[in-house]
K.L.:
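Attaching a single structure in structure tokens format; questions to follow.
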Number of protein chains: 4
Amino acid sequence: MPNNKKTPATPAPERRRQLLATAAEVFAAEGYNATTVRRIADAAGMLAGSLYYHFDSKESMLDEILSGFLDELWEGYDAVLAAALGPRETIEALVTESFREIDRHRAAVAIYQKESKHLVAHERFRYLADSQVKFEKAWLGTLERGVADGVFRDDLDIRLTYRFVRDTVWVAASWYRPGGLHSPEEIARQYLSMVLEGIAVRGR
Amino acid sequence: MPNNKKTPATPAPERRRQLLATAAEVFAAEGYNATTVRRIADAAGMLAGSLYYHFDSKESMLDEILSGFLDELWEGYDAVLAAALGPRETIEALVTESFREIDRHRAAVAIYQKESKHLVAHERFRYLADSQVKFEKAWLGTLERGVADGVFRDDLDIRLTYRFVRDTVWVAASWYRPGGLHSPEEIARQYLSMVLEGIAVRGR
Amino acid sequence: MPNNKKTPATPAPERRRQLLATAAEVFAAEGYNATTVRRIADAAGMLAGSLYYHFDSKESMLDEILSGFLDELWEGYDAVLAAALGPRETIEALVTESFREIDRHRAAVAIYQKESKHLVAHERFRYLADSQVKFEKAWLGTLERGVADGVFRDDLDIRLTYRFVRDTVWVAASWYRPGGLHSPEEIARQYLSMVLEGIAVRGR
Amino acid sequence: MPNNKKTPATPAPERRRQLLATAAEVFAAEGYNATTVRRIADAAGMLAGSLYYHFDSKESMLDEILSGFLDELWEGYDAVLAAALGPRETIEALVTESFREIDRHRAAVAIYQKESKHLVAHERFRYLADSQVKFEKAWLGTLERGVADGVFRDDLDIRLTYRFVRDTVWVAASWYRPGGLHSPEEIARQYLSMVLEGIAVRGR
DNA sequence: AATGAATGAGCGTTCATTCAT
DNA sequence: GATGAATGAACGCTCATTCAT
């Protein structure tokens, strides 16, 4: 997910990360558009103008948040895909990896869910579309492979299945709170169980 | 679903409905905050100020759109619940009814999905919270009844199951386009099949 | 001098002209950059935001002021050039026309003098450069014709002469006040006399 | 030419001169208002805040640039006036001295031309007005003496003549580039020839 | 001497809203 | 019912300036 890095190339990357985390929280909680730059500054304990020492614009904060998240996501996904597991195991690994990302980047994921549809129109966020394409290729391909291998049902519309699995996982970011009752791995386990086996009692 | 009625007490309810449909489309497409009142007026072929003859405010349009949708939704849900079916049949009926509402009120559902979380904080939209409570009671209660009756699995966290089913259905509004390949009933059927039986091939 | 016209294509051109005249006065008096949009609004008896009902931006006001001035200037110049007078008579007519334009568009001319150098860099003001080229062609060409015809001195650097005449005329906008002691034509007459005959007493 | 001295009482006057020359270039090229202090710092290879070790403010840089220029200008002018030459010879010497100043202080002269009108309003730049008064006294007085002596024409409005000569000379700073084809003295010679004898061929 | 980070005032602009016509 | 013009509050952002290090 290549993207333009920020004004100061090297210095004080810690402060940036801190501020971006703050911004991400606010964006996630109130929506990107509804978030004023003053609101972020408040949350960071500084004045609005001071943010511009660190970032070019409100949009560039969003950019950095999203591209940072996608970079990490694809690191994880690529490792899973490179392992060349069977379809069912691949789906399991992808789902688990996804919940781990939700755990680590809850705010970024929530922002992504809410804003990416409008953002892809902007040249600057073109990489969101690229990611989506790659994403669909990975998931849909795995599902198709699973159907061909006889491990996934062949009586379902495959694109519907894809959307079902995709949404089912990512929407969790809207209610997930890190440090809650269940670990990401536990949530992944239960979600996988529901998605793969269904919620109805079997053998009826 | 309480709601304040509008400036002109009686006249031309058809024009209102028309304008609200237009506004809902724009809200859904661009987000409530990002939508300017001028943008709605453009889409309706009038000037921004003219909308205020019909509505008190931008917020009141949103209000009317959401409460109108919820009114109809609960009409359907209440009928289902009144039928006092078994848990599995109730879930099936609720899911089917939900997809029908998505079909009829796609824009309103999309707006609801994106905005309701922030809106509940406003006094004016308190009814959203009320609806949510009632909604959870209906679905969660049905699931619990199903577990007790042995028709739904008892090895899953019930609240996780609830969120899974709820999100799985409503998120569809983000990609659903009326008049597409599948009828709401067909989509409901496949979704139910996935949710109830899972996507994995059985008995292996 | 073609240029993008403003938001309302046809309506109320009088108010626009009024506001542009106000803006031009302020720009001329305080400089374009130093002029705040609030300052213009004050001078026009409205609030800053209200200006944006009439104009897209502060820059578009400047654009309209300058292009309006250049349009009229070239109307006059083209008429002079079309008359195909002798070189001396052409210079006399151009100088006279120039002082008339200074009389009519004093503010615009002053702005042009001060800002055009920086403005040509902007794509939007490309027409300023075009005008300058055409301007130089007209004046320099006439001077060269005059030297060839033996009516202007041939012992002077012709480009220096061009700049001398050009600046001499237009700088007057910085001190000229309409309705002063001398009419534009009278000032033109005296300037022409100085430029053509010199300020020293002859034949000594 | 009164002027407040700077923060460090004694140290490194060379660095100051260097930085002021840099600032003057940028002010001349982009205008005082449009020039950011960061822009100057960039050109000087330092950070914006660092300039404040050397100067009190952006305005004080401008002040020092302009007063430095005027100090030198009046050194030259005073020498000319002290020589008590004839009117024509005085004008010749003043013009020549002026072009020498333009050559040495091109940036300062350009800034002076563009900004002095607004600056005189500020208390701090009162000395600009003083200089202008003294300037007018010297030039206008010389011209009047010349008219009385019969060496300058008496059929011209004397104030118009004054402005003509004054502007004619100083506007040259807007296009003059040191190290160009003509030396300041050569330009002065040609300008004087034009101003005194006119550009028309004589004796017709 | 210079940096890094911040301040605070103000700027151009947007936008929901009002209201006389 | 709708328009044209305006309001006023707020927004994203810029920039001269400060100051501890």
Side-chain angles (χ1 to χ4, degrees), chain A residues 7-8 11-12 15-16 19 32-41 44-61, chain B residues 7-8 11-12 15-16 19 32-41 44-61, chain C residues 7-8 11-12 15-16 19 32-41 44-61, chain D residues 7-8 11-12 15-16 19 32-41 44-61:
Chain A
T7 314
R15 189 84 177 100
R16 292 178 72 70
L19 292 171
Y32 173 72
N33 276 311
T35 298
T36 71
V37 104
R38 271 171 253 265
R39 180 75 189 70
I40 299 172
M46 48 167 50
L47 291 176
S50 307
L51 282 172
Y52 289 81
Y53 179 79
H54 302 277
F55 305 97
D56 287 346
S57 63
K58 182 184 166 188
E59 195 181 78
S60 83
M61 292 186 226
Chain B
T7 315
R15 190 86 175 98
R16 290 179 72 72
L19 292 171
Y32 174 71
N33 275 308
T35 298
T36 69
V37 107
R38 203 202 214 83
R39 178 78 187 68
I40 299 171
M46 48 167 54
L47 290 177
S50 308
L51 280 173
Y52 287 79
Y53 177 81
H54 301 279
F55 305 97
D56 288 348
S57 64
K58 181 182 167 190
E59 199 181 71
S60 80
M61 293 186 226
Chain C
T7 315
R15 190 83 176 101
R16 290 178 74 70
L19 292 171
Y32 174 71
N33 276 311
T35 298
T36 71
V37 104
R38 270 172 251 267
R39 178 75 188 71
I40 299 172
M46 48 168 48
L47 291 175
S50 307
L51 282 172
Y52 289 79
Y53 178 79
H54 301 278
F55 304 98
D56 287 346
S57 63
K58 182 184 166 189
E59 196 182 77
S60 82
M61 293 186 225
Chain D
T7 313
R15 190 84 176 101
R16 290 179 71 72
L19 292 171
Y32 173 71
N33 275 308
T35 298
T36 69
V37 107
R38 202 201 213 85
R39 177 77 187 69
I40 299 171
M46 49 169 50
L47 290 177
S50 308
L51 280 173
Y52 287 79
Y53 177 80
H54 301 280
F55 304 97
D56 287 347
S57 65
K58 182 183 166 188
E59 197 181 72
S60 82
M61 293 187 228

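Below, chains carry the letters A, B, ... as their sequence lines are ordered, and counting in each starts from 1.
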K.L.:
Holding to side chain to side chain contact (heavy atoms under 4.5 Å, CB included), I want the full list of residues that pass it with A/R38, two or more places apart in sequence or in another chain.
P.N.:
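Partners of A/R38 under the side chain to side chain contact (heavy atoms under 4.5 Å, CB included) test: A/T36, A/A48.
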
K.L.:
Rounded to whole angstrom units, what separation is found between the CZ atom of A/F55 and the C1' atom of E/dA6?
P.N.:
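For the pair A/F55 CZ and E/dA6 C1', the rounded distance is 14 Å.
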
K.L.:
How long is the line joining OH of B/Y53 and C1' of F/dG4, in whole Å?
P.N.:
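B/Y53 atom OH is separated from F/dG4 atom C1' by 18 Å.
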
K.L.:
Which heavy-atom pair separates D/M46 from D/L51 by the least distance, and what is that distance?
P.N.:
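Between these two residues, the closest heavy atoms are SD-CD2, 3.8 Å.
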
K.L.:
Expressed as a whole number of angstroms, how long is the span from D/H54:NE2 to F/dA16:P?
P.N.:
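Checked: the NE2 to P distance equals 17 Å.
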
K.L.:
In chain order, what residues pass the salt bridge (charged side-chain N to carboxylate O under 4.0 Å, His left out) check against C/R39, with sequence neighbours excluded?
P.N.:
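By the salt bridge (charged side-chain N to carboxylate O under 4.0 Å, His left out) rule, C/R39 matches C/E30.
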
K.L.:
B/L47 has an atom CG; how far is it from atom P of F/dA5, in whole Å?
P.N.:
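Rounding to the nearest Å, CG of B/L47 and P of F/dA5 are 10 Å apart.
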
K.L.:
Quick one: closest heavy-atom pair of B/T35 and B/K58, and the distance?
P.N.:
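Between these two residues, the closest heavy atoms are O-NZ, 2.8 Å.
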
K.L.:
Considering all heavy atoms of both residues, which atom of C/S60 and which atom of C/F55 are nearest to each other, and what is their separation?
P.N.:
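The answer is OG-CB, 3.8 Å.
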
K.L.:
Could you check D/L19 against D/M61 for side chain to side chain contact (heavy atoms under 4.5 Å, CB included), going step by step and ending with a plain yes or no?
P.N.:
CA-CA 9 Å; D/L19 292 171; D/M61 293 187 228; over 6 Å; no

K.L.:
What is the distance from CG of A/L51 to P of F/dC15, rounded to the nearest Å?
P.N.:
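Value for this atom pair: 17 Å.
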
K.L.:
Calculate the interatomic distance between C/R15 atom CZ and F/dT3 atom C1'; express it in whole Å.
P.N.:
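Answer to the nearest Å: 17 Å.
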
K.L.:
Starting from Watson-Crick (N1-N3 plus N6-O4 or O6-N4) and G-U wobble pairs under 3.5 Å, report the runs of at least three that DNA chain E belongs to.
P.N.:
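Stem segments, range with range: E:2-21 with F:2-21.
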
K.L.:
Write down the distance between CZ (A/R16) and P (E/dA6), rounded to a whole number of angstrom.
P.N.:
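Distance check: A/R16 CZ to E/dA6 P gives 12 Å.
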
K.L.:
Can you check each nucleotide of nucleotides 13-21 of chain E against protein heavy atoms at under 4.0 Å and return B for base, S for sugar-phosphate only, - for none, in 5' to 3' order?
P.N.:
BBSSBB---

